[in-house]
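Take a look at the structure set out below.
One-based numbering, in listed order, for ligands and for the atoms of each.
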Amino acid sequence: MRVGTGYDVHRLVEGRKLILGGIEIPFEKGLLGHSDADVLTHAIMDALCGALCLGDIGKLYPDTDPKYKDISSLLLLRGIMDRVEDRGYAIGNVDVVVMAQRPKLASHIDAMRRKLAGVMDCRVDQVSVKATTTEGLGFVGREEGMAAMASLLLFSKDDEK
Ligand code: MG
């Protein structure tokens, strides 16, 4: 088994869609980034890279490459999952927490879990998505940005045989 942890932050700006866990969420601002800036999915990607010692996601998907401009982060996640599967690993479980002062995310959590599980070839009950505010503190509390942290476990499919 291998564990990974991931972390990511993106700035909130006007004039962008808010995409979290591959789901578009109605809000007056969105996250700024080269891709769709899906901070939650990026934290999971970062944790997958960590579990397999692939370095950080900026190394795999440079933000200077026009190919990745405004790309859905689910496609990037799928690309990393291909590497995970090539190495004979599969998802044990994923736990991710997104830090956002607003909007309320509770009603979108299950849709995110279903979407992410589909991309990662696992069951919904292997993917936990949680959301928290930061009680008005820090850059998240001031609604300047959002952050996400992920932990996950991979298991070797060879061990199943
Ligand atoms: Mg990012």
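Salt bridge present: R113 and D110 bring a charged side-chain N and a carboxylate O closer than 4.0 Å. Between D38 and K17 there is no salt bridge, since no side-chain N of the basic residue sits under 4.0 Å from a carboxylate O of the acidic one.
In the model, D36 has a side-chain atom that pairs as donor or acceptor with a side-chain atom of S73 under 3.5 Å. In summary, the side chains of H42 and D8 do present a donor paired with an acceptor at a separation below 3.5 Å, with no hydrogens or angles considered.
Taking every heavy atom of both residues into account, H10 and L31 meet most closely at O-CD2, 3.6 Å.
Counting only protein N, O or S atoms closer than 2.8 Å to the Mg ion (ligand 1) gives 3.
The neighbour count for R11 CZ, taken as heavy atoms of other residues, nucleotides or ligands under 6.0 Å away, does not exceed 12.
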